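Because only heavy atoms are used, hydrogens play no part in the values below, and waters and symmetry mates are left out as well, while side chains stay in. The residues of the chain are indexed from 1 along the displayed sequence. Quantities reported herein were computed from a predicted structural model and do not represent experimental measurements.
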Amino acid sequence: MEPTIACVVPCHNEEAAVGKVVRDLRAALPEAIVYVYDNASTDRTVEVAREAGAIVRQEPRKGKGNVIRRAFADVAADALLIIDGDDTYDASRARDLVNLLFDGPYDQVVGARRVTDDGAYRAGHAAGNKLLTGAVRSLFGNDVTDMLSGYRVFSQRFVKSFPALAREFETETEMTIHALHLRLPTAEVAVDYRVRPAGGESKLRTYRDGWRILRVILDLARRERPSLVHTVIAGVLALVSVVLGIPVIADFVRTGSVPRLPTAVLAAAIMTIATLVLLVGYILESLMHMRQEQTRLVHLSYPAPAYSPRLTARGAGIGAVSGRKTAASRRNAIALDAEQHRDLEQGQEVSPWDG
């Protein structure tokens with residue numbers, strides 16, 4: 001049985017670029033179905049995407065994380081590729097990423113950005129990416145060089161075991177840490193990263209989104225590395241207790257009395273709190289391991305990604321053996337999606353088994 005490939009393109013007001021992204025994806029992966037998820041656009045993004053041959057779906061709640069959560073729930077494929085709709089990533093490299101996913105097999109292949117235009121990557125974004133990537137490498141492992149890349153391919157078992165809790169641009173951070181913490185096989189491919197086409201506008205805000213991502217990292221560290229976080233907090237509290245308690249102990253050794261009783265009580269209370277914080281950390285670590293085991297079991301319930309033996313390394317088998325079939329499948333999928341949208345508009349119920 002031939003593997004299925006799907007492409008998901010999150011878009012918010014990308015009429016200037018989304019058409020080219022869809023056409024490049026269809027040229028690179030003719031067997032794939034391309035979904036454009038419109039995220040409350042106010043321009044012609046939907047019309048341009050449909051004209052280029054994509055299936056358009058709607059996610060009214062703004063934020064890339066909301067789009068990813070919806071798409072990961074809706075779309076089932078052996079390989080699922082996500083790429084931003086602003087044409088800053090080289091969509092023609094999609095075949096290389098998908099092939100590597102199957103050849104590994106890997107659960108995630110990341111398109112690590114290689115800047116080709118001077119204006120493509122603002123200095124603040126580059127510095128923030130390095131800082132945040134360094135923080136993640138220190139906390140969770142050294143297997144990542146571009147944590148914030150929006151060009152990735154996932155196996156089905158990654159998609160269906162990924163909780164997708166993020167709301168906005170911090171979703172890439174969540175994906176990276178999910179892979180690192182479960183030690184999922186991951187690879188990177190260097191891809192060109194270029195300036196936006198004329199008429200496109202970046203949705204990133206350097207300080208706002210950087211602070212949001214940093215908060216996500218800290219929150220994930222608290223949830224995913226509770227023993228480390230609580231040990232640090234307990235150590236700080238214990239140090240404060242020792243600093244307060246040493247003079248009291250020295251007075252007691254010298255005079256046999258405790259003239260600064262409130263300070264002694266405070267030092268003892270802080271040390272007690274430090275001990276409790278440390279114990280809570282170990283308890284949370286045990287709970288985290290239980291949750292991690294459950295996530296791992298969900299991940300293992302899906303097969304590893306693998307190409308059909310008939311397919312060549314460059315996917316020529318797909319084009320030669322089943323090019324007409326995949327083109328027909330694409331047309332059927334688009335027709336079915338359009339029919340379901342018409343049924344919904346007319347108030348008819350659409351069975352989940354229809355798609």
Using only atom types and a distance under 3.5 Å, with no angle test, would you say the side chain of [X] pairs donor to acceptor with the backbone of [Y]?
| X | Y | result |
| --- | --- | --- |
| His230 | Pro226 | yes |
| Asn13 | Ser41 | no |
| Gln58 | Ala40 | no |
| Ser161 | Phe158 | yes |
| Arg26 | Ala54 | no |
| Ser241 | Ala267 | yes |
| Thr186 | Leu184 | yes |

Notebook entry, point to check: Restricting to pairs with a member in residues 61-70, which pass salt bridge (charged side-chain N to carboxylate O under 4.0 Å, His left out), not counting sequence neighbours?
Noted result: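 Listed by first then second residue: Glu59-Arg61, Glu59-Arg70, Lys64-Asp84, Lys64-Glu172, Arg70-Asp74.
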Shortest non-hydrogen contact from [X] toward [Y]:
| X | Y | value |
| --- | --- | --- |
| Asp43 | Thr45 | OD1-OG1, 2.6 Å |
| Pro305 | Asp107 | CD-OD1, 4.5 Å |
| Val67 | Pro10 | CG1-CB, 3.7 Å |
| Glu168 | Gly63 | CG-CA, 4.0 Å |
| Arg114 | Ala190 | NH1-CB, 3.8 Å |
| Val8 | Ala71 | CG1-CB, 3.7 Å |

Quick one, [X] and [Y] - any side-chain contact, counting heavy atoms below 4.5 Å?
| X | Y | result |
| --- | --- | --- |
| Val265 | Leu261 | yes |
| Thr295 | His299 | no |
| Val75 | Tyr37 | yes |
| Met147 | Thr173 | yes |
| Val34 | Ile55 | no |
| Arg113 | Leu148 | yes |
| Ser149 | Tyr193 | no |
| Phe162 | Phe154 | no |

Atom pair [atom1]/[atom2] of [X] and [Y] - distance to nearest 0.5 Å:
| X | Y | atom1 | atom2 | answer |
| --- | --- | --- | --- | --- |
| Asp192 | Tyr151 | CG | OH | 10.5 Å |
| Ile233 | Ile273 | CD1 | CD1 | 12.0 Å |
| Leu97 | Tyr106 | CG | OH | 12.0 Å |
| Thr275 | Ile270 | OG1 | CD1 | 12.0 Å |
| His181 | Arg183 | NE2 | CZ | 8.0 Å |
| Arg50 | Glu47 | CZ | CD | 7.5 Å |

Check: Ion pair present between Asp87 and Arg194, side-chain N to carboxylate O less than 4.0 angstrom?
Finding: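 Between Arg194 and Asp87 there is a salt bridge, with a charged N closer than 4.0 Å to a carboxylate O.
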Are [X] and [Y] linked by a side-chain donor-acceptor pair shorter than 3.5 Å?
| X | Y | result |
| --- | --- | --- |
| Asp38 | His12 | no |
| Thr176 | Arg152 | yes |
| Gln108 | Ser155 | no |
| Ser92 | Asp24 | no |

Shared ILVMFWY cluster between [X] and [Y], side chains joined below 4.5 angstrom?
| X | Y | value |
| --- | --- | --- |
| Ile5 | Leu101 | yes |
| Val280 | Val240 | no |
| Leu29 | Val21 | yes |
| Leu25 | Val18 | yes |
| Val248 | Met271 | no |

Checklist line | Residue pair Glu31, Arg95: steps toward the salt bridge (Lys or Arg N to Asp or Glu O under 4.0 Å) verdict | finding: CA-CA 11 Å; Glu31 72 276 24; Arg95 171 65 64 191; 2.9 Å; yes
Note to self: As a quick check of understanding, evaluate salt bridge (Lys or Arg N to Asp or Glu O under 4.0 Å) for Glu14 and Arg44, giving each step before the final call.
What the structure shows: CA-CA 8 Å; Glu14 297 291 0; Arg44 296 185 63 253; over 6 Å; no
Checklist line | side chain to side chain contact (heavy atoms under 4.5 Å, CB included) between His178 and Glu174, intermediate numbers included | finding: CA-CA 6 Å; His178 176 74; Glu174 201 176 40; 5.8 Å; no
Notebook entry, point to check: Do other residues, nucleotides or ligands put more than 12 heavy atoms under 6.0 Å from Arg291 CZ?
Noted result: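 More than 12 within 6.0 Å, yes.
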Item checked: Greater than 12 external heavy atoms within 6.0 Å of Arg93's CZ ->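 Count over threshold, so yes.
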Notebook entry, point to check: Checking Arg157 against Tyr302: charged group under 6.0 Å from the ring centre and within 45 degrees of the axis?
Noted result: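 So Arg157 doesn't make the cation-pi contact.
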Margin query: Cys7 and side chain to side chain contact (heavy atoms under 4.5 Å, CB included): which single residue from Val36, Leu80, Leu81 fits?
Written below: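 The single option meeting the side chain to side chain contact (heavy atoms under 4.5 Å, CB included) with Cys7 is Leu81.
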Checklist line | Worked check of side chain to side chain contact (heavy atoms under 4.5 Å, CB included) between Leu266 and Leu244 | finding: CA-CA 8 Å; Leu266 178 60; Leu244 292 173; 3.8 Å; yes
Item checked: Trace of the side chain to side chain contact (heavy atoms under 4.5 Å, CB included) decision for Val110 with Val189 -> CA-CA 6 Å; Val110 180; Val189 174; over 6 Å; no
Notebook entry, point to check: Does the side chain to side chain contact (heavy atoms under 4.5 Å, CB included) test come out yes or no for Leu284 and Leu287, once each step is laid out?
Noted result: CA-CA 5 Å; Leu284 291 176; Leu287 295 175; 4.3 Å; yes
